[in-house]
Amino acid sequence: MPDLLLELFSEEIPARMQRQAAENLKKLVTDALVNGGLVYEGAKAFVTPRRLALSIHGLPAKQPDLKEEKKGPRVGAPDGALQGFLKAAGLKSIADAKIQNDKKGDFYIAITEKKGRATQDVIAELIPSVVRSFPWPKSMRWGSGALTWVRPLHSIICTFGPETEEPEVVRFDIDGIQSGNVTRGHRVMSSGEITVRRLDDYAKKLEAARVVLDADRRKEIILADAKNIALAHGLELVEDEALLEEVAGLVEWPVVLLGEFEAAFLDIPPEVIRATIRINQKCFVLRDPKTGGLANRFILVANLEATDNGEAIKAGNARVIRARLSDAKFFWDTDRKTKLEGRLPKFGQITFHEKLGTQAARIGRIAKLAKELAPVAKADAAKAEKAATLAKADLLTEVVGEFPEVQGLMGKYYALAEGIDKEIAAACEDHYKPQGPNDRVPNAPVSIAVALADKLDTLAGFWAINEKPTGSKDPYALRRAALGVIRIVLDNKLRLPLLDGAFRKALAALPKMIEPKNVKDAPSISPEEDLLGFFGDRLKVYLRDAGARHDLVDAVFALGGQDDLVLIVRRVEALGKFLDTEDGKNLLAGYKRAANILSIEEKKDNKKYSGEPDAAKLSAPEEKALASAIKTAENEVEAALKSEDFEAAMRATAKLRAPVDAFFDKVIVNADDKAARENRLKLLNRIREATRHVADFSRIEG
Amino acid sequence: MSDKNDPLSPARSFQGLILALQNFWARQGCVILQPYDMEMGAGTFHPATTLRALGPKPWNVAYVQPSRRPKDGRYGENPNRLQHYYQYQVILKPSPPNLQELYLQSLAAIGIDNKIHDIRFAEDDWESPTLGAWGLGWECWCDGMEVSQFTYFQQVAGFECSPVSGELTYGLERLAMYVQGVENVYDLNFNGLEGDKRVTYGDVFLQPEKEYSRHNFEYADTVMLFEQFKMAENACKKYLADGDRGEEHLMALPAYDQCIKASHVFNLLDARGVISVTERQSYILRVRELAKACGAAWLKTEGGRA
């Protein structure tokens, strides 16, 4: 079975786009082949800074033949219809058509055999269209051409043939670039053209020309060499997967070197050193196991085996890192000369958002809210207020101006440096948390209060000015803020009624000129209720990711007035366990049956059957038993809910199962006696009501 | 390559480095222009780039452009930051297929040998909101230091560039510091001589840096500058209107001069801190409107037409 080798050789592809591009190339080409009836055995895509490559193994030499039947007019149809049919089917005369018979009589049918095309021809058509429509995040034109690619595209290899034979070049031309079997190696460490046949010699020849084709192998080489060099100097590599991935996309031939900077720079906080070296220089930092802190060394990854063993490269990189670190040190030293408190007035001149006022106003709101939330978090109210006031001050420091990703953390450093209370200092760092799904959730009381206040103010503000997330657009990261609140509340088991305890307070603190309006399309929904709905959706996503059933979350939310996240989750858990039991499953079935009958009858009679059934009119022993079981269960459920014991509430509800089953077994609801029928329908309604104390069973699937 | 002891060796003098680049690009067939005689923030503003990048005619040019960034002044106290510095600008239109090779050869011409130096092309998308221009390319790294900007222009003044120009911008001071091995820009040897004949970058530019930093941040006459902005804006619009002959335009270049002026005046006002965050955007938009209108006018001139 023949193999395909494709290489698209270009100028440097941005590192961040490489992996996705390789995946896209593989998917686009293999999907199109499979759609054309060309099933393959295996495919692998590769990417380096200058090339995207794809090898597809075990393709058939040609497409399967296809037989196509086209139904024509009846036998004896007018000539016009026949001629039309012949033309459409590509037949010369009606004698070439076959005659078939169906219920209505004889009709013509044209059977055309579509010969499968040679795979090579399919590829020759396919690749140009893939290149022309390739989904780069950004692409460009160059020279006088009209073709677009991520950067100028220089050459294309496309060979096809069986393993044992010399493969052929699949010929095509894309805007003057002719496919061939020639590529180039490393820009500096190789010269001339390389002629290739298929993947195995391609990869080998590239390797000889100082190109490691496989990005994962480049990563392995970098990681192993970096660790070895570190070890040889008694140091440890501070691993950084994202940086490793990026660096592997910046080199075709990784050469790992060790550089050095002055130990005096180690006074700078390690996170700042790391940020400087990582972001600006794409280098790794090293840890000294003896001190536990950073070492004054760094690992750089060059794309060159230099003739001077990398001395010039090391010196050059060290020079830039030295300059960067002196800037960082200067910033760090300068920043500590001004107290955080002293920076606050400047926030009065900085707009947070056109409609939401200045940063100063926002910080004021957060401080007030943090103070109000302090009891919920079991925090000292004065400390919470103070921490919220200072938490954003580091945004005005030089270090954070240079490296926004150390915001918060620097606040902590500066707060500690001026001797501010540790809990307040910690809140400066932690109030931004959790930032992503893997980020830590704050658990110190003061941090909790400020973190909640910060997020709630953001949510309330953007809700009030109607800047809610839509589809994939969430420019103010409001989904993340809501999820942050949810995680903080649940992780710390905080009892926070969202509507009254959080949303209304946050909305009330907003500038006076903003009047939070009700939802445009649903004027009866207040902004806080709308926000609660948003939290409900976030919670559903969160609980679903944690393995809970989303319909159970719906069933609990549908009860209305549910705004205590801890209770919602406990209720969902209890409900889930209950529905796993036989009693639960049967009761749900009984509920569905009752609800179905009710909805049919209510529709038929065009009236609602609500209210208490008349005890005097209950005749069958099963309906009497059910009526009394409902009363008992409701009393027990109510008591259990009062003490927030959802398991007990479920157990009490479960007691309805036997009487409900017996009722449906023995009692005919739609009795001839109208009064008995009405009374029984009311009884069914009582089943619906009784279960509604624990959840809206109508939302539960199954 | 020139002898290491020659005062005009790129490794010995700032001017030697400039001359080496001039020679290199002249040999590639570029027109070597002298700097444009107006204050501007970057070599891209030179009409030989902004306007010549528009329209179908081929154009190859190289020039040094003194660049003024009023906000970057540091009173001569920062070893790397200047409010006035030199950019070396190359435009090749259409961009040739071997542009990266040519760039590497130009580095070799100033003594940066790619057998021992790690030259890298790191993603950098370029955008100039004031010029309504954008392009894709890289910042070029030499041993971890950014030494040039490499851009394929896609749009200028809001118009598609067809053919595409390749733009190379070298930060001359930074490159010179690297090849001369000095840590402070003011220590650069300017003329390549030694002893009392030696002239440093500081001898030439330290006093101006101090004086202009004072001017840019503290004393520039803002009342006058606000007025000048309006005057330049109005003059630009007037020349655009007066020169418009329907299918043809007679004064695209004088109009564009006023756009350059407005842009620099805005930069000065910005450095003086008298433009608020919200106003800033509207000033940028006003300059962009001028640039777009000038680009449209240029396309109706001999230089901009087919």
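A, B, ... follow the sequence lines: proteins, then strands. Residue 1 opens every chain.
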### Query
Looking only at heavy atoms, what is the nearest atom pair of A:A312 and B:H117, with distance?
CB-CE1, 3.8 Å
### Query
Any idea which heavy atoms bring A:R319 and B:M177 closest together, and the distance?
NH2-O, 3.4 Å
### Query
Are B:W138 and A:E12 close enough, and set up right, to give a side-chain contact (heavy atoms from CB on, under 4.5 Å), and what steps lead you there?
CA-CA 8 Å; B:W138 309 274; A:E12 276 76 355; 3.4 Å; yes
Can you tell me how far the [atom1] atom of [X] sits from the [atom2] atom of [Y], to the nearest 0.5 Å?
X      : Y      : atom1 : atom2 : result
B:N114 : A:L304 : CG    : CG    : 7.5 Å
A:N303 : B:F121 : CG    : CZ    : 11.0 Å
A:I13  : B:E123 : CD1   : CD    : 11.5 Å
B:T151 : A:M140 : OG1   : CE    : 9.5 Å
A:R151 : B:F150 : CZ    : CZ    : 10.0 Å
B:E146 : A:Q281 : CD    : CD    : 10.5 Å

Under 4.5 Å from any heavy atom of chain A - which part of [X]:
X      : answer
B:D125 : side chain
B:F153 : neither
B:L92  : neither
B:E183 : both
B:Q154 : both

Part of [X] lying under 4.5 Å from any heavy atom of chain B:
X      : result
A:V150 : backbone
A:S139 : backbone
A:N309 : neither

### Query
Taking A:R141 for the side chain and B:P163 for the main chain, is one N or O donor matched with an acceptor at less than 3.5 Å?
no
### Query
Counting distance only, does the side-chain N/O of B:D143 pair as donor-acceptor with the main-chain N or O of A:N317 below 3.5 Å?
no
### Query
Got A:K282 and B:R120 here, is their nearest side-chain heavy-atom distance under 4.5 Å?
no
### Query
Which members of residues 71-84 of chain B, sorted by number, sit under 4.5 angstrom from chain A on a heavy-atom basis?
none
### Task
Taking only Lys NZ, Arg NE, NH1 and NH2, and the carboxylate oxygens of Asp or Glu, determine whether B:D118 and A:R187 approach each other closer than 4.0 Å.
no
### Query
Should we say atom CZ of B:F226 is surrounded by more than 12 heavy atoms from elsewhere, each under 6.0 Å from it?
yes
### Message
Out of B:P94, B:G181, B:S162, B:G137, return the one with the most heavy atom pairs under 4.5 angstrom to chain A.
### Response
B:G137
### Query
Top residue by heavy-atom pair count (under 4.5 Å) with chain A, among B:A122, B:S165, B:C161?
B:C161
#### Entry: chain B contacts, top residue of A:H154, A:M17, A:E305 (heavy-atom pairs, under 4.5 Å)
A:H154
